[in-house]
Engineer: 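After the structure tokens below, expect a handful of questions from me.
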Protein chains: 2
Amino acid sequence: MRRMGRTPPHPEVSQFDLQQVLEALVDPVRRSIVTQLDDAAEDLACGTFDIPVSKSTATHHFKVLREAGLIRQYYVGTSRMNALRRADMDKAFPGLLDALTTPQAKGAR
Amino acid sequence: MRRMGRTPPHPEVSQFDLQQVLEALVDPVRRSIVTQLDDAAEDLACGTFDIPVSKSTATHHFKVLREAGLIRQYYVGTSRMNALRRADMDKAFPGLLDALTTPQAKGAR
DNA sequence: ATCAAAGTTTGACAGCCATCGTACTTCTGC
DNA sequence: GCAGAAGTACGATGGCTGTCAAACTTTGAT
């Protein structure tokens, strides 16, 4: 039995790629995850998000967000916690997350 | 012979849709068009852009950008001119275009 | 009138990606 | 130990979309 990756790989800020970040943010489900994290201002377990997809699809979305550098993931018991890497994103692409977490942007559909 | 649409339809600012704008901006070719327009600070004809696609594909990209509200198009002779709708975009989604026209964002790949 | 320049339109095609179900793993509590 | 909870991994699939070539349209110049 191989061990499950206990701590999945996270990119450094210097490795952030704009194309990859935009591809992550263009999906409505993933953008919803980001805004829910932003609203909560607190780390959230995968299962606590309000998203209209199956668990396996959710796992996929969290992976895309993590690999783009948008969230940091760590285990607490069987729960996988998710933290928004806002400071890191701001360093790499200033203003981008701000523009998408504006009430205006959130309200827009 | 039906007339070619002399002035193609442009959405109003109130109709801008964040999802549509992001889908427009996620394509590298289209984002390149936007940054070239931003750099030029001047309207440019379709043919003057430096993009690695065929003419018909270019037409497609310009259409996507126009329908999202990112550019305004108008004819001058046989040339179709393109103008960045920065003010309109700033009104609808403040900070978004700024974040993508930063030297940091442009340099990133 | 003709011709070339600049785009558009249409149809076809290929690759990607969001989605799901199922089987599996890991941890907690009893 | 065992059951359940919380996710993950793995195919498989369906739809979307970026791409092109070819034929066409409109305009400007000769």
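Values below: all heavy atoms of this structure, side chains included; hydrogens, waters and symmetry mates excluded.
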Engineer: What is the distance from CD of B:E23 to C1' of C:dC16, rounded to the nearest Å?
Structural biologist: 15 Å
Engineer: Hey, can you pull the donor-acceptor pairs under 3.5 Å for the side chains in residues 61-70 of chain A, sequence neighbours left out?
Structural biologist:
from, atom 1, to, atom 2, distance (Å)
A:H61, ND1, A:R30, NH1, 3.1
A:R66, NE, A:P9, O, 3.4
A:R66, NH1, A:Q73, OE1, 2.8

Engineer: For DNA chain D, find the residues of residues 34-57 of chain B with a heavy-atom distance under 4.0 Å and give them by number; none if there aren't any.
Structural biologist: B:V53, B:S54, B:S56, B:T57
Engineer: Nearest whole angstrom, please: distance from the C1' of D:dA5 to the OH of A:Y75.
Structural biologist: 13 Å
Engineer: Whole Å only: how far is the CG atom of A:L65 from the P atom of C:dC17?
Structural biologist: 15 Å
Engineer: Out of D:dG7, D:dA5, D:dT26, which nucleotide sits closest to the side chain of A:T59?
Structural biologist: D:dG7
Engineer: For B:D43, check salt bridge (Lys or Arg N to Asp or Glu O under 4.0 Å) against everything at least two apart and list the hits.
Structural biologist: none
Engineer: Rounded to the nearest angstrom, tell me the gap between atom CZ in A:F62 and atom P in D:dA6.
Structural biologist: 14 Å
Engineer: List for me each residue that meets salt bridge (Lys or Arg N to Asp or Glu O under 4.0 Å) alongside A:D27, sequence neighbours excluded, and say none if there are none.
Structural biologist: none
Engineer: How many angstroms lie between CZ in A:F93 and CG in A:D88, if you round to the nearest 0.5 Å?
Structural biologist: 11.5 Å
Engineer: What integer distance in Å separates A:E67:CD from C:dC17:C1'?
Structural biologist: 14 Å
Engineer: What is the distance from CG of A:D27 to P of D:dG15, rounded to the nearest Å?
Structural biologist: 18 Å
Engineer: Scan A:H60 against the nucleic acid and name what it touches under 4.0 Å (heavy atoms): base, sugar-phosphate only, or nothing.
Structural biologist: base
Engineer: Take the protein atom NZ of B:K63 and the nucleotide atom P of D:dT19, then report the distance between them rounded to whole Å.
Structural biologist: 15 Å
Engineer: Rounding to a whole Å, what distance do you find between B:M81:CE and D:dT26:P?
Structural biologist: 21 Å
Engineer: With side-chain hydrogen bond (donor to acceptor under 3.5 Å, both in side chains) as the criterion, how do A:T57 and A:S54 come out once you've worked through the C-alpha distance, each side chain's angles and the decisive distance to 0.1 Å?
Structural biologist: CA-CA 5 Å; A:T57 300; A:S54 69; 3.1 Å; yes
Engineer: Classify the nucleic acid contact of B:S79 as base, sugar-phosphate or nothing, counting any heavy atom under 4.0 Å across all strands shown.
Structural biologist: sugar-phosphate
Engineer: Can you list the residues that meet the side-chain hydrogen bond (donor to acceptor under 3.5 Å, both in side chains) rule with B:T78, with sequence neighbours excluded?
Structural biologist: none
Engineer: With sequence neighbours left out, what residues match B:T35 under side-chain hydrogen bond (donor to acceptor under 3.5 Å, both in side chains)?
Structural biologist: none
